[in-house]
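Everything on this sheet refers to the single structure shown next.
Atoms considered below: every heavy atom in the structure, side chains included; atoms not considered: hydrogens, waters and symmetry mates.
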Amino acid sequence: MSEWWSIEVFDAAELPARRWKDSYQDKRTEAAVTFGAMSWEWHEHRYGVVFEVLFESDQQWEAFRALPAVRSALDGAPDPLNGLIIYRGRGGGAGPRKPRKPKPAPSASAMAMPEPTEERVLRLTVVTAPEAPEAPEAPEPAFAAG
């Protein structure tokens with residue numbers, strides 16, 4: 001079964017990973033094709049670069065990885081101790097090889113939606129001023145002066 005492998009190189013203070021990629025890109029790609037790579041891709045990110053390569057077998061990957069040209073390129077990484085990661089799978093934020101299964105819908109999504117109501121339409125073609133309210137009558141005094 002074919003497997004993707006990734007070599008991720010991070011920027012260092014004195015040397016950006018992009019310059020490392022420009023220096024070793026052709027030799028790495030040529031070596032990968034020579035040792036049976038079915039596909040390869042270079043990705044540049046804001047933090048560095050990723051070289052992804054697809055080999056049909058682990059033996060092809062191991063042979064590629066053991067090449068002196070590949071080993072010297074890895075040793076020439078901007079920070080070979082803390083800025084170099086080699087792992088199985090696609091690099092960067094590629095996610096899993098197999099898509100996730102859909103999660104079941106929450107129980108609230110099974111609730112029926114309310115029926116649509118009739119829309120009220122107001123037709124405002126004539127505007128009239130409201131009538132002035134009548135002045136209130138003066139209350140009768142409770143006691144008579146006398």
Side-chain angles (χ1 to χ4, degrees), residues 1-139 142:
M1 178 177 167
S2 57
E3 288 285 339
W4 283 94
W5 288 86
S6 296
I7 300 172
E8 202 160 349
V9 178
F10 299 99
D11 292 330
E14 59 277 348
L15 179 67
R18 187 170 193 270
R19 285 191 42 208
W20 175 86
K21 174 196 164 224
D22 292 342
S23 299
Y24 294 101
Q25 179 178 7
D26 293 337
K27 291 181 182 181
R28 301 279 301 284
T29 305
E30 181 183 344
V33 170
T34 303
F35 277 82
M38 297 166 36
S39 182
W40 66 92
E41 294 178 18
W42 284 93
H43 301 281
E44 293 182 16
H45 301 285
R46 60 180 168 75
Y47 56 83
V49 296
V50 180
F51 176 61
E52 299 173 340
V53 61
L54 176 67
F55 284 104
E56 196 166 320
S57 69
D58 288 345
Q59 291 79 17
Q60 289 175 320
W61 162 255
E62 293 298 332
F64 166 75
R65 176 75 173 78
L67 287 174
V70 174
R71 289 187 7 223
S72 69
L74 296 177
D75 290 341
D79 184 2
L81 296 177
N82 299 314
L84 176 66
I85 304 174
I86 301 170
Y87 52 91
R88 184 184 304 259
R90 303 289 306 254
R97 292 184 300 153
K98 297 178 185 173
R100 290 188 226 168
K101 294 180 183 177
K103 294 182 179 180
S107 60
S109 69
M111 200 166 103
M113 298 293 292
E115 292 293 323
T117 58
E118 194 171 310
E119 190 174 310
R120 291 182 52 187
V121 178
L122 299 175
R123 299 192 189 280
L124 302 174
T125 55
V126 178
V127 178
T128 57
E131 293 182 27
E134 292 183 23
E137 293 182 21

Check your understanding: Taking the side chain from S6 and the backbone from G89, do they hold a donor-acceptor pair closer than 3.5 Å?
Key -> yes
Exercise for review: Taking all heavy atoms of L74 and all of P80, pick out the closest pair and write down the distance.
Suggested key: O-CB, 3.9 Å
Practice item. Begin with the C-alpha distance, continue with both residues' side-chain angles, and end with the deciding distance and a verdict on side-chain contact (heavy atoms from CB on, under 4.5 Å) for Y24 and V9. Key: CA-CA 12 Å; Y24 294 101; V9 178; over 6 Å; no
Check your understanding: Hey, what do you get for CZ (R90) to CH2 (W4), rounding to the nearest 0.5 Å?
Key -> 4.0 Å
Point to revise | OG on S39 to CZ on F55, rounded to 0.5 Å | key: 11.0 Å
Review point. How long is the span from the NZ atom in K21 to the CH2 atom in W42, to the nearest 0.5 Å?
Key: 7.0 Å
Exercise for review: Check V70 against R65 and note the closest heavy-atom contact, atom names and distance.
Suggested key: CG1-O, 4.0 Å
Review point. Got a sec, which residues hit side-chain hydrogen bond (donor to acceptor under 3.5 Å, both in side chains) with Q59, two or more places apart in sequence or on another chain?
Key: S57
Point to revise | ring-ring contact (aromatic ring centres under 6.0 Å, His included) partners of W40, counting only residues at least two apart | key: none
**Study point:** Check: A69 main-chain N/O paired with S72 side-chain donor or acceptor under 3.5 Å
**Key:** yes
Point to revise | Qualifying residues under side-chain hydrogen bond (donor to acceptor under 3.5 Å, both in side chains), relative to R18, sequence neighbours excluded | key: E44
Exercise for review: Give, for atom CZ of R28 and atom CH2 of W20, the distance between the pair rounded to the nearest 0.5 Å.
Suggested key: 4.0 Å
Check your understanding: For Q25, does the CD atom have more than 12 heavy-atom neighbours from other residues, nucleotides or ligands under 6.0 Å away?
Key -> yes
Exercise for review: Measure from the side-chain N and O atoms of D79 to the backbone N and O of A12, and report whether any donor-acceptor pair falls under 3.5 Å.
Suggested key: no
Point to revise | N-O pairing of D58 and R88 below 4.0 Å | key: yes
Point to revise | Test log, rule side-chain contact (heavy atoms from CB on, under 4.5 Å), inputs Y47 and E8 | key: CA-CA 10 Å; Y47 56 83; E8 202 160 349; 3.3 Å; yes
Point to revise | Criterion side-chain contact (heavy atoms from CB on, under 4.5 Å) on D11 and R46, from CA distance to verdict | key: CA-CA 9 Å; D11 292 330; R46 60 180 168 75; over 6 Å; no
Practice item. Quick one: closest heavy-atom pair of F51 and A32, and the distance? Key: CZ-CB, 4.3 Å
Exercise for review: Begin with the C-alpha distance, continue with both residues' side-chain angles, and end with the deciding distance and a verdict on side-chain contact (heavy atoms from CB on, under 4.5 Å) for L54 and W5.
Suggested key: CA-CA 6 Å; L54 176 67; W5 288 86; over 6 Å; no
Point to revise | CZ-CD1 distance between F64 and I7, expressed to the nearest 0.5 angstrom | key: 5.0 Å
Review point. Out of curiosity, F10 CZ to L84 CG, how far, rounded to the nearest 0.5 Å?
Key: 9.0 Å
Point to revise | Where A17 and P78 come nearest, the two heavy atoms and their spacing | key: CA-CG, 4.1 Å
